[in-house]
Amino acid sequence: MAAASSSLRIPAPTHHPAAGARPRRLPFHAVSVRPRRSAVSASSSPQQGDGDDADGPAGVPVPVPFPRDSAIALPRPLTSADLMGEASGEGLRVAYQGCPGAYSEAAARKAYPSCETVPCEYFETAFQAVEKWAADRAVLPLENSLGGSIHRNYDLLLRHRLHIVGEVRLAVRHCLLANRGVKIENLRSAMSHPQALAQCEQTLTQLGIEHREAVDDTAGAAKQIAEENLQDTAAVASSLSAQLYGLDILAENIQDDADNVTRFMMLAREPIIPRTDKPFKTSIVFSLEEGPGQLFKALAVFALRKINLTKMESRPHKKRPLRVADDNSTPLKHFDYLFYVDFEASMADPNAQNALSNLKQEFATFLRVLGSYPTDVTEA
């Protein structure tokens, strides 16, 4: 269904931020001494040198003359107030998919309590909002404890060049919402996002609501029921949606399993600097040559270094959907896969660097680091 009229619509691509947009600020490490490049970069292929490094005798770096007028181009040093604002989201515009009142908006506010939220019609619109400087961050769902992975966002992670800079877990508490005066016995249909309907399947059946109608998001279902004044249809959505759209809450916590948690990723144009003084998680994606034991060998680079893998997701390689294998009799066609892996280590950890270097040099035909970011250790 169509999103609210306030949903973000992305303008045509441009080479520069639009007039009035927040001017781009270099990350605070932009003027630090640049370390030598490691074997694994955050892109799918190594970047070529830009020609500003030169070595003197015995490999000693030769200082590059500092332009006399370059001081005016340097970013100002960050203050503790800047860092506090980043943590709270003050001054940040954060994109999410759905209408106001969606669970994604709640996740965005949990991640950045003082932010300005920006509703987007589609997942890809939220990616584009950050890329085109219409938003500073995006908060999008990646997996649910009942419904599993949101595969669309895994595919979009590879299509776009944003970086995962954090994660946030949100407990999902579904409510049954209807227009004022409507009773449960009047209902014959429930409307919501397909995953929300699946998470409440048994409860809805017990309430005698047999018909299901899938729409793009939970809050959008509540909005449609209110706008069309439907008398025989309820929405499965949040209690906030009831407040926003003037609906009654007929039942609370109607999910079939009480432990219903969605994990969201926080996306930005630039990566954050990984640290080792707090729990970190790193997300990567890679592909492998076909052959027996290839995946086992690839994952062994983590096991040998005692790095714990927390998630693994395989997706068909859309640019190479099929590969031909010849077993000397009949050529066979196999799916070619990309493997998304999360592991508990920071990219600042030499163990993690060595594991990825081993993976890239020995096994992977393609490898990209999607982000290295703090683990969410708060209550969902």
Under the side-chain contact (heavy atoms from CB on, under 4.5 Å) test, residues paired with P374 that sit two or more places apart: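 For P374 the side-chain contact (heavy atoms from CB on, under 4.5 Å) partners, ignoring immediate neighbours, are I272, K278, F280.
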
[atom1]-[atom2] distance between [X] and [Y], expressed to the nearest 0.5 angstrom:
X    : Y    : atom1 : atom2 : result
C120 : D217 : SG    : CG    : 11.5 Å
H151 : L156 : NE2   : CG    : 13.0 Å
L299 : L359 : CG    : CG    : 8.5 Å
K311 : E344 : NZ    : CD    : 14.0 Å
R152 : L157 : CZ    : CG    : 11.0 Å

With a cut-off of 6.0 Å (strictly less than), are more than 12 heavy atoms of other residues, nucleotides or ligands near CD of Q294?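 More than 12 heavy atoms, drawn from other residues, nucleotides or ligands, come within 6.0 Å of this atom.
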
Quick one: does [X]'s side chain get under 4.5 Å of [Y]'s, heavy atoms only?
X    : Y    : answer
V94  : E116 : no
S346 : S372 : yes
R212 : E201 : yes
L177 : I249 : yes
F127 : L162 : yes
Y373 : K281 : yes
L204 : L197 : yes
V139 : Y112 : yes

Listed partners of [X] passing side-chain hydrogen bond (donor to acceptor under 3.5 Å, both in side chains), at least two apart:
X    : value
H160 : E124, E131
Q243 : none
N260 : N144, Q199
E228 : Q224

Sub-6.0 Å ring centroid separation between F286 and F366: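 Judged by ring-centre distance (under 6.0 Å), F286 and F366 do not meet the cut-off.
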
Could you work out the complete set of other residues in the hydrophobic cluster of [X], with links drawn between I, L, V, M, F, W and Y side chains under 4.5 Å apart?
X    : result
V261 : none
Y96  : none
L146 : none
F296 : none

Locate the shortest heavy-atom distance separating [X] from [Y]; write the atom from each residue and the value.
X    : Y    : answer
L247 : A222 : CD1-O, 3.6 Å
A135 : R269 : O-NH1, 2.9 Å
G101 : A219 : C-CB, 3.6 Å
I225 : A234 : CD1-C, 3.2 Å
S287 : Y337 : CB-O, 3.8 Å
A108 : C115 : O-SG, 4.0 Å

Are a donor atom and an acceptor atom from the side chains of N351 and Q353 found within less than 3.5 Å of each other?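 No, because no side-chain N or O of N351 sits under 3.5 Å from a partner of the opposite role on Q353.
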
Are a donor atom and an acceptor atom from the side chains of D349 and T276 found within less than 3.5 Å of each other?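 No, because no side-chain N or O of D349 sits under 3.5 Å from a partner of the opposite role on T276.
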
Is there a chain of hydrophobic side chains (I, L, V, M, F, W, Y, each step under 4.5 Å between heavy atoms) that links [X] to [Y]?
X    : Y    : result
I307 : L295 : yes
L304 : I284 : no
L250 : I209 : yes

For residues 181-191, which side-chain donor-acceptor pairs fall under 3.5 Å, sequence neighbours excluded?
{"residue": "N186", "atom": "OD1", "partner": "K183", "partner atom": "N", "Å": "2.9"}
{"residue": "S189", "atom": "OG", "partner": "H211", "partner atom": "ND1", "Å": "3.0"}

Is any side-chain N of the basic residue among E143 and R263 closer than 4.0 Å to the acidic one's carboxylate O?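 Looking at R263 together with E143, the answer is yes, because their closest N to O distance falls below 4.0 Å.
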
Salt bridge present between E313 and R315 (N-O < 4.0 angstrom):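 Answer for the salt bridge query: no.
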
Would V130 and D136 count as a side-chain contact (heavy atoms from CB on, under 4.5 Å) here? Give the steps. CA-CA 6 Å; V130 179; D136 303 294; over 6 Å; no

Report the C-alpha distance between F363 and V301 in whole Å, list the side-chain angles of each, state the deciding distance to 0.1 Å, and finish with yes or no for side-chain contact (heavy atoms from CB on, under 4.5 Å). CA-CA 10 Å; F363 307 108; V301 305; 3.8 Å; yes

For [Y], is there any backbone N or O sitting under 3.5 Å from a side-chain donor or acceptor partner on [X]?
X    : Y    : value
R137 : A95  : no
N179 : Q231 : no
T203 : I254 : yes

Where at least one partner belongs to residues 235-259, residue pairs that pass salt bridge (charged side-chain N to carboxylate O under 4.0 Å, His left out), sequence neighbours excluded: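 Residue pairs passing salt bridge (charged side-chain N to carboxylate O under 4.0 Å, His left out), neighbours aside: R180-D248.
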
Both conditions, 6.0 Å and 45 degrees, for the charged tip of R93 above the ring of W133: are they met here?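 The answer is no; the distance or angle limit is not met.
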
Which residue in the set L367, V285, L288 passes side-chain contact (heavy atoms from CB on, under 4.5 Å) when paired with F339?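 For F339, the side-chain contact (heavy atoms from CB on, under 4.5 Å) check succeeds only for L288.
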
Of I150, N153, V168, the residue whose pairing with M265 passes side-chain contact (heavy atoms from CB on, under 4.5 Å):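 Only match with M265 under side-chain contact (heavy atoms from CB on, under 4.5 Å): N153.
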
Please, which pairs that meet side-chain hydrogen bond (donor to acceptor under 3.5 Å, both in side chains) have at least one residue in residues 97-108, sequence neighbours excluded?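 Qualifying pairs: Y103-H174, E105-T117.
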
Run the side-chain contact (heavy atoms from CB on, under 4.5 Å) test on L142 and S149 for me, step by step, so that the C-alpha distance in whole Å, both residues' side-chain angles and the decisive distance to 0.1 Å come before the verdict. CA-CA 6 Å; L142 204 56; S149 299; over 6 Å; no

Report the C-alpha separation of H193 and V215 in whole Å, then their side-chain angles, then the decisive distance to 0.1 Å, and conclude whether the side-chain contact (heavy atoms from CB on, under 4.5 Å) test is met. CA-CA 5 Å; H193 187 276; V215 292; 5.8 Å; no

